[in-house]
K.L.:
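This is the structure I have questions about; it appears just below.
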Amino acid sequence: MSLPELDQRDDDELIETILAAADRRDLAAMAVAAAEVSEMTRNWATHIPWDEFDSLDEIALDEVIADLTQMWEPVNLQVDADEEYALDKNAYDFYRPVGRNLMTRTEEFHGWVEARRRTETWQYSRTLEAAPNSVAQITNDIGRRTRGINFNSQDYLSFNTHPAIREAATKAMRDYGPHSAGSPMVLGNTRISDELEASLGELVRAEQVTLFPTGWAAGFGAMAGLVRQEDHVLIDRLAHSCLQQGARATTRNVVRYEHLNVDEVRRHLVDIRRRDSRNGILVVTDGLFSVDADWPDLVTLQRVCREHDATLLVDVAHDLGSMGPGGTGVLGMQDVLGDIDIVMGAFSKTFCSNGGFVASASPALKQYLKMFGGSHMFSNALSPVQTAVVLEASKIIRSAEGDLLRSRLHTAVTALRDELIGHGLTCMGEPSPIVPLLIGNEKLARIANRLLFDRGVLAFMVEFPVTPTGSSRFRLQVQANHEPDEARAAARIIADAITDARTYLSSAFGSTQR
């Protein structure tokens with residue numbers, strides 16, 4: 001089958017072609033069809049190794065067949081609101097809605113969400129009733145309120161309640177007002193925007209900093225500004241969604257490499273440079289990965305990139321400020337400050353605000369991103385209040401108080417991890433503000449999450465599309481204001497909830513959930 005014929009097929013036809021080829025064990029035909037699958041399908045089914053069909057072993061091939069078969073078969077049209085229906089399905093099951101009416105075919109998914117709401121197993125869209133700290137009061141989306149130890153907020157250094165941060169926000173409001181003056185390329189920036197760029201440049205030792213209105217805008221804008229259709233992107237399979245979607249939007253030459261595998265990056269670079277000596281290659285990774293809490297070998301990764309004339313971009317959204325010497329994150333921990341080609345980050349974690357940035361040593365790259373990144377030029381600038389909060393946070397991060405806050409944070413993280421592990425539970429990754437507690441089975445995680453809501457622990461349950469199906473977990477986000485005893489108490493409550501959830505499922509559905 002020729003490529004022009006495939007170009008005219010939609011995803012349904014392409015998946016049917018892939019499954020037919022899979023039955024014949026024809027990996028080459030699978031890879032050809034997979035290359036034409038749409039961007040939307042790839043973004044929703046990120047656990048499918050679309051770019052690696054030609055190298056699957058038997059076990060991986062069987063898994064792909066099972067996953068694609070599930071996608072190919074339309075969901076059950078009968079909506080049942082009982083608990084079994086709420087627990088049995090995954091968001092993945094609704095990826096392929098049936099029908100030509102784009103409005104009505106979303107109703108099956110909505111019915112499943114409503115079933116999960118009624119059974120209080122829907123973990124999203126909860127609202128805060130007051131300023132969050134180590135304890136928070138929240139309401140779920142059916143109106144039930146609770147108060148508990150808070151591992152839902154990503155305020156790693158507890159800046160939300162810091163007096164200097166709040167005073168900086170108040171002063172900016174007095175000086176500039178709420179402010180919505182437009183694009184930073186017109187008159188959206190203020191004097192403190194320049195101060196913030198300088199402060200961030202000193203923190204990451206890359207003085208050419210560009211601000212963006214959100215972290216997502218920074219990641220997507222960096223890709224859109226730098227990468228052209230003929231260029232190549234090598235991206236860690238678990239890199240943040242803004243970077244994954246940015247890569248897919250800019251070029252078809254995208255390779256998602258095995259998580260943290262520098263040897264695989266090297267092999268791909270050799271292969272690309274053997275075929276293409278003219279165009280650019282951008283290698284993309286997170287600093288601290290927010291779902292697995294681990295990090296890459298940046299020293300080797302940057303060296304390998306330079307050996308093949310590739311450019312490295314590192315997203316430090318979760319580690320900058322909360323980890324490393326002086327709050328320099330994984331860059332400081334690996335002594336590569338000033339050595340990484342491009343650094344990007346978000347202010348929505350440690351910095352207690354919205355916004356993001358891209359930094360490098362190149363004034364040319366900075367000016368180019370401002371003009372062609374899209375999300376810088378064509379979005380409103382950060383408000384003065386947001387800018388002032390981030391600026392004050394960056395000052396505290398680099399001070400002795402920042403060291404003290406990080407020490408308190410690390411103590412709480414250690415207490416939480418040790419207590420969870422002591423109860424026989426699995427904490428993934430390395431000690432960091434993110435403690436991923438692996439559960440696996442979605443039914444078990446949803447019931448445990450329902451129990452935690454009533455028992456005074458606020459924990460964010462993560463499942464598909466954030467993780468592959470069957471890999472659910474709790475992403476516990478620790479703050480400097482968490483006391484060690486508070487963290488240990490929460491761990492005991494979590495362990496009991498998981499045990500009780502397993503017993504409940506065994507009784508209600510007749511099988512033990514692992």
Side-chain angles (χ1 to χ4, degrees), residues 132-136 148-162 165 203-204 215 238-240 285-296 314-334 344-354 356 389-390 393-394 396-398 401-421 425-438 457-462 466-467 473-484 486-488 490-491 494:
N133 200 335
S134 64
V135 172
I149 303 171
N150 178 23
F151 294 107
N152 259 358
S153 300
Q154 52 195 16
D155 183 16
Y156 300 145
L157 294 189
S158 297
F159 280 161
N160 184 55
T161 55
H162 195 291
I165 296 285
L203 183 59
V204 299
L238 301 186
H240 192 269
T285 181
D286 286 10
L288 171 66
F289 283 86
S290 63
V291 179
D292 285 16
D294 49 13
W295 48 79
V314 180
D315 176 3
V316 296
H318 282 275
D319 55 290
L320 187 67
S322 65
M323 299 171 61
T328 52
V330 173
L331 301 180
M333 291 165 59
Q334 299 191 22
M344 65 141 292
F347 304 139
S348 53
K349 284 75 179 176
T350 305
F351 293 83
C352 193
S353 182
N354 289 333
V389 164
V390 179
S394 71
I396 298 173
I397 283 168
R398 299 166 63 195
E401 183 184 5
D403 292 335
L404 176 62
L405 291 172
R406 280 184 290 277
S407 175
R408 287 174 54 88
L409 172 63
H410 182 76
T411 300
V413 167
T414 301
L416 180 63
R417 291 182 69 101
D418 288 351
E419 189 74 20
L420 290 169
I421 292 170
L425 300 174
T426 302
C427 291
M428 303 171 66
E430 303 294 332
S432 75
I434 301 165
V435 178
L437 177 63
L438 183 63
V457 173
L458 311 180
F460 181 47
M461 182 220 153
V462 180
V466 180
T467 64
R473 64 202 64 171
F474 287 104
R475 190 171 81 177
L476 306 170
Q477 299 175 138
V478 188
Q479 303 175 37
N481 279 357
H482 278 122
E483 296 293 339
E486 197 175 34
R488 282 189 282 267
I494 293 170

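Values in this document were obtained by computation on a predicted structure and should not be read as measured data.
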K.L.:
With a 4.5 Å limit on heavy-atom distance, are the side chains of Leu420 and Leu476 in contact?
P.N.:
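Side chain of Leu420 against side chain of Leu476, heavy atoms only: contact under 4.5 Å found.
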K.L.:
Nearest heavy-atom pair of Ala491 and Leu416: which atoms, and what distance?
P.N.:
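In terms of heavy atoms, the two residues are closest at CB-CD1, 4.0 Å.
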K.L.:
In the structure I gave you, are the side-chain heavy atoms of Ile494 and Val457 within less than 4.5 Å of one another anywhere?
P.N.:
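With C-beta onward as the side chain, the pair touches.
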K.L.:
For Leu458, is there any backbone N or O sitting under 3.5 Å from a side-chain donor or acceptor partner on Asn150?
P.N.:
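No, Asn150 side chain to Leu458 backbone: no donor-acceptor pair under 3.5 Å.
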K.L.:
Would you say the side chain of Leu409 lies within less than 4.5 Å of the side chain of Pro433, judging by non-hydrogen atoms?
P.N.:
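In contact.
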K.L.:
If you define the side chain from C-beta out and look only at heavy atoms, does anything of Lys349 sit under 4.5 Å from Ser322?
P.N.:
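When only atoms from C-beta onward are counted, Ser322 and Lys349 do not touch, as no gap falls below 4.5 Å.
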K.L.:
Could you pull out the closest heavy-atom pair between Thr411 and Pro484, with the gap in Å?
P.N.:
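Smallest heavy-atom distance, with atoms named: CG2-CG, 3.7 Å.
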K.L.:
Any heavy-atom pair between the side chains of Leu238 and Asp292 that's under 4.5 Å?
P.N.:
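When only atoms from C-beta onward are counted, Leu238 and Asp292 do touch, with a gap below 4.5 Å.
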K.L.:
When you compare the side chain of Glu486 with that of Val135, does any pair of heavy atoms fall below 4.5 Å?
P.N.:
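Counting from C-beta outward, Val135 and Glu486 do come under 4.5 Å.
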K.L.:
Donor-acceptor pair, Ser158 side chain versus Asn481 backbone, under 3.5 Å?
P.N.:
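Between the backbone of Asn481 and the side chain of Ser158 there is a qualifying donor-acceptor contact (under 3.5 Å).
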K.L.:
Do Arg406 side-chain atoms and Pro325 backbone N/O form a donor-acceptor pair below 3.5 Å?
P.N.:
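Checked: no pair found.
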K.L.:
Quick check: does any side chain N or O of Gln154 sit under 3.5 Å from a backbone N or O of Gln477, one acting as donor and the other as acceptor?
P.N.:
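It does not hold such a pair.
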K.L.:
Determine the minimum heavy-atom distance between Phe351 and Val389, stating which atoms define it.
P.N.:
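Between these two residues, the closest heavy atoms are O-CG1, 3.6 Å.
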K.L.:
For the residue pair Glu430 and Trp295, establish whether any side-chain heavy-atom pair is separated by less than 4.5 Å.
P.N.:
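The answer is yes, as the side chains (C-beta and beyond) meet within the 4.5 Å cut-off.
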K.L.:
Keeping the roles fixed (side chain from Arg408, backbone from Ala480), state whether a donor-acceptor pair exists under 3.5 Å.
P.N.:
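Side chain of Arg408 to backbone of Ala480: a pair is present.
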K.L.:
For a quick test of reading the model, state the closest non-hydrogen atom pair linking Ala459 to Phe474 and the distance between them.
P.N.:
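Smallest heavy-atom distance, with atoms named: CB-CD2, 3.9 Å.
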K.L.:
Side chains of Phe159 and Leu405, heavy atoms from C-beta outward: is any pair under 4.5 Å?
P.N.:
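With C-beta onward as the side chain, the pair touches.
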K.L.:
Side chains of Asp155 and Asn160: is there a donor and an acceptor less than 3.5 Å apart?
P.N.:
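No, because no side-chain N or O of Asp155 sits under 3.5 Å from a partner of the opposite role on Asn160.
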K.L.:
Specify whether Phe151 and His482 have parallel, tilted or perpendicular ring planes, treating 30° as the upper limit for parallel and 60° as the lower limit for perpendicular.
P.N.:
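Ring orientation, 0 to 90° scale: parallel.
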K.L.:
Does the Thr414 side chain pair with the main chain of His410, one donor and one acceptor, at a distance under 3.5 Å?
P.N.:
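Indeed, once roles are kept as given, a pair shorter than 3.5 Å links the two residues.
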K.L.:
Indicate the atoms forming the closest heavy-atom contact of His318 with Leu288, along with that distance.
P.N.:
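Where His318 meets Leu288 most closely, the heavy atoms are CB-CD2, 3.9 Å.
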K.L.:
Can you check whether Ala317's main-chain N or O pairs, donor with acceptor, with Asp315's side chain at less than 3.5 Å?
P.N.:
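Side chain of Asp315 to backbone of Ala317: a pair is present.
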